[in-house]
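Step one of this worksheet: look at the structure below.
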Amino acid sequence: MVRAWYMDDDPVDQRTEHHRNPPKFITLEDLFTISGVEYFKLNVDTYATDGELENLKNARGYTYEDEIVCSKECLENYEEKLKNFFQEHLHTDEEIRFVVDGSGYFDVRDKNDEWIRIEVVAGDLIIIPSGIYHRFTLDTKNFIRAKRLFIGEPKWTPYNRPSDNMECRKEYVEKLQKGVFTLVK
Ligand SMILES: CSCCC(=O)C(=O)O
Ligand SMILES: [Fe+2]
């Protein structure tokens, strides 16, 4: 099960949990409302045949798929890539990751510019909206395998903060202000 919480501001060791004292968790519904981050739970043993991933890909137009493994052994330029993943940045498109093994943390800024840490483990599919400031880190186990999905030809370019004048950033801020990320019940 994915968990999310507000982070402390201790700069030491990005790979630990960084809970506040006392811990301040946030529900997935609230996470969506205040950031637009979406979350789906898939069955990691049956996703290849049970149709859930296929349905999601069709519904959202995800036509591209590949896999990334982040570990010292498997990722070329490991240190540098991990450093870049953890630089606060945004993208012009959604960042979609389906974790099939291992674990890690996506950190996203909420509307008050506070960091929320989202723990992802096998079976978690997370959609980070375009224009939101975020970053990624491995946890202390130093291993994750994830599928990367995309609409059309993938663009992975990170735009480091500050990128406030980018169109996708302005659109994202406007959506937040308009309350677009409200759950329809
Ligand atoms: C969990 S996938 C590894 C991180 C990544 O691909 C990214 O931050 O863009
Ligand atoms: Fe990113």
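Start at 1 and go down the list; that is how both ligands and their atoms are numbered.
At the Fe ion (ligand 2), the angle from NE2 in H89 to NE2 in H134 is 90° when rounded to 10°.
In the vicinity of I68, heavy-atom distances shorter than 4.0 Å reach the ligand 1 atoms 2 (S). Ligand-side atoms of ligand 1 in range of F106: 1 (C), range being under 4.0 angstrom from any heavy atom.
A cation-pi arrangement is found for K24 relative to Y6, the charged atom lying closer than 6.0 Å to the ring centre and inside a 45° cone about the ring normal.
Comparing C70, S103, G102 by heavy-atom distance to atom 3 (C) of ligand 1, the nearest is C70.
D139 and G104 make their closest contact through OD2-N, 3.9 Å (heavy atoms, listed as atom of the first residue, atom of the second, distance).
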- Message: Pair D110, W115 - check side chain to side chain contact (heavy atoms under 4.5 Å, CB included), show working.
- Response: CA-CA 6 Å; D110 82 346; W115 279 120; over 6 Å; no
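No side-chain heavy atom of R117 sits less than 4.5 Å from a side-chain heavy atom of R3.
The OH atom of Y39 sits 13.0 Å away from the OG1 atom of T27 when rounded to the nearest 0.5 Å.
Polar contact check, R97 against ligand 1: a nitrogen or oxygen pair lies under 3.5 Å apart.
At a 4.0 Å cut-off, not a single heavy atom of W156 sits close enough to ligand 1 to count as contact.
More than 12 heavy atoms of other shown residues, nucleotides or ligands fall within 6.0 angstrom of atom CG in D13.
The Fe ion (ligand 2) is closest to atom OE1 of E95 (considering only N, O or S atoms).
Protein heavy atom closest to atom 4 (C) of ligand 1, with residue, atom name and distance, is F136 CD2, 3.5 Å. Of the protein's non-hydrogen atoms, E95 OE2, 3.3 Å is the one closest to atom 8 (O) of ligand 1.
Side-chain atoms of E17 and H19 include a donor-acceptor pair closer than 3.5 Å.
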